[in-house]
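What follows is one structure encoded as structure tokens, with my remarks underneath.
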Amino acid sequence: MAATSGKLRPPFRLLLLLLAAAVARSVDGVELTLLTGAREKGAVCLDGSPPGYHLQRGFGSGEHSWFIHLQGGAWCNTIEDCSKRKMSAYGSSKFMRAVEFNGILSNDQQLNSDFYNWNRVFIRYCDGASFSGDGEAQDQDGSTLHFRGLRIWEAVINELMGKGLATAKQAILSGCSAGGLAALLHCNDFYARFSKEVSAKCLPDAGFFLDIASFCSSEDLSGERHMWSVFNGTVHLQNVTQVLSKDCLAKKDPTECFFPAELVKSITAPTLILNSAYDSWQIQNALAPDGSFPGQSWSSCKTDVRNCSSTQIQVFNGFRNKFVDDIEVVKDKKDWGLFIDSCFTHCQTPFDISWNSQASPVLGNKTVAEAIGDWYFERSYEVKEIDCEYPCNSTCSSQLP
Ligand SMILES: *[C@@H]1O[C@H](CO)[C@@H](O)[C@H](O)[C@H]1NC(C)=O
Ligand SMILES: *[C@@H]1O[C@H](CO)[C@@H](O)[C@H](O)[C@H]1NC(C)=O
Ligand SMILES: *[C@@H]1O[C@H](CO)[C@@H](O)[C@H](O)[C@H]1NC(C)=O
Ligand SMILES: *[C@@H]1O[C@H](CO)[C@@H](O)[C@H](O)[C@H]1NC(C)=O
Ligand SMILES: *[C@@H]1O[C@H](CO)[C@@H](O)[C@H](O)[C@H]1NC(C)=O
């Protein structure tokens with residue numbers, strides 16, 4: 001082959017090189033598709049560019065099954081923050097590239113036996129408010145900042161409906177981190193799009209954010225409700241109202257209604273909450289955010305749990321207890337599932353190692369992939385697993401993301 005191509009005249013050699021590059025690219029990543037008619041629909045990223053998604057088509061028995069994953073990436077809660085964000089792929093499609101599909105998005109049958117041949121979609125996050133804002137503001141430089149997460153959600157799902165989602169027999173709405181929160185926010189809307197015969201379910205991954213103060217019981221953490229203030233800024237700046245439960249809004253502050261503990265009360269679709277009760281992002285950014293403590297002891301413990309003192313572990317256990325209290329309401333919900341492990345990790349479906357490997361957390365004898373497959377396909381009577389307090393279980397790999 002090499003010898004033959006060596007004899008080819010230059011134009012053909014170039015063609016071969018281009019073909020090889022195209023093959024390499026299709027192995028490396030799934031191409032970006034930009035939403036059609038984005039500007040006319042007002043469904044745009046922070047900078048006004050069209051939003052996008054990556055779709056890998058299903059085949060065989062998975063042809064009429066759809067897995068939708070909403071990308072995460074925190075929030076922007078001030079003009080300044082959103083202004084910075086629009087210079088990145090989290091605020092503009094100008095910076096978006098092909099992505100690799102791993103874990104639950106993978107088309108490898110051995111790794112992902114339940115979903116490998118489904119239609120799999122990764123929707124890019126470029127609004128900064130969990131696909132839920134609807135408004136605009138003036139940027140510092142005089143241009144417009146577009147807060148159109150809600151329109152992006154609607155327009156992208158509608159486009160996918162036209163590409164086959166409308167005739168799905170099985171469908172899952174998922175997402176991780178801020179995308180996991182988005183899956184909770186849009187779960188009812190997603191579910192309502194299908195008839196009773198369709199098995200439509202929601203799978204928020206690492207989207208269960210707690211309204212917790214950075215630890216007041218411990219002298220050296222400041223006691224601020226960090227998550228609450230990020231959400232308050234986001235909800236007000238980006239005009240997040242439409243997606244919140246009317247019942248909640250009648251009784252409570254909109255910011256409180258943006259928290260999963262409230263959201264789950266009004267969700268009607270079967271939903272499995274996948275989360276670590278020691279969510280590493282929340283521990284690092286909400287429980288012990290930088291600047292909330294003096295000295296080195298917390299920085300060292302935050303980055304490596306093996307360096308925590310027993311007092312610090314107690315603080316983490318306080319976070320876990322609040323977590324377990326907040327999900328209590330889910331325990332009695334029929335068709336719902338829980339997979340709450342005790343690993344210091346954040347997002348477990350989109351990585352091979354946590355999704356399905358020797359190092360995957362195991363609860364009730366099941367890896368994350370097995371538990372979710374059993375819950376979705378109802379192969380088990382129930383999947384509601386909450387792991388014991390750290391460090392009683394040894395299945396947590398230090399290699400987890
Ligand atoms: C806020 O969002 C609602 C619901 O999407 C919308 O009707 C309203 O016009 C928005 N307000 C502003 C100021 O954009
Ligand atoms: C929540 O955000 C609004 C709008 O930015 C602000 O007016 C209000 O003071 C905030 N609430 C708290 C308690 O910080
Ligand atoms: C954890 O402790 C070990 C041993 O004291 C030290 O070498 C390491 O740098 C610490 N890790 C962090 C992240 O501080
Ligand atoms: C702890 O790990 C084992 C596997 O080593 C697993 O079977 C068990 O379910 C886990 N703990 C709990 C509380 O489920
Ligand atoms: C877990 O699996 C092992 C081996 O596959 C089996 O021996 C054990 O009984 C199982 N435990 C539970 C709680 O299902």
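Because the structure is predicted, anything quoted here is derived from the model rather than measured. Note that ligands are numbered from 1 as they come in the structure, with each ligand's atoms numbered from 1 the same way.
Side-chain N or O atoms of S88 include one that pairs as donor or acceptor with a backbone N or O of Y90 at under 3.5 Å.
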Sub-3.5 Å pairs, protein N or O with ligand 2 N or O:
residue: ligand 2; atom: 2 (O); partner: N232; partner atom: OD1; Å: 3.4
residue: ligand 2; atom: 2 (O); partner: N232; partner atom: ND2; Å: 2.3
residue: ligand 2; atom: 2 (O); partner: H236; partner atom: ND1; Å: 3.4
residue: ligand 2; atom: 11 (N); partner: N232; partner atom: ND2; Å: 3.0

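Close contacts between ligand 1 and T241 involve ligand atoms 2 (O) [criterion: under 4.0 Å to a heavy atom]. Of all atoms in ligand 1, listed by their number and element, those nearer than 4.0 Å to a heavy atom of N239 are 1 (C), 2 (O), 3 (C), 8 (C), 10 (C), 11 (N), 12 (C), 14 (O).
For the pair W75/D81, no side-chain contact is recorded, criterion being any heavy-atom separation below 4.5 Å from C-beta on. A 4.5 Å side-chain heavy-atom check between L35 and E159 finds at least one atom pair inside the cut-off.
In this structure, the ring of F259 has its center no less than 6.0 angstrom from the ring center of F209. Aromatic ring centres of F319 and Y278: separated by at least 6.0 Å.
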- Derivation of the salt bridge (charged side-chain N to carboxylate O under 4.0 Å, His left out) call for D139 and K86: CA-CA 10 Å; D139 200 346; K86 84 177 185 187; 2.6 Å; yes
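Sorted by first and then second residue, the ring-ring contact (aromatic ring centres under 6.0 Å, His included) pairs involving residues 362-396 (not counting sequence neighbours) are F115-F377, W118-Y376, F344-Y390.
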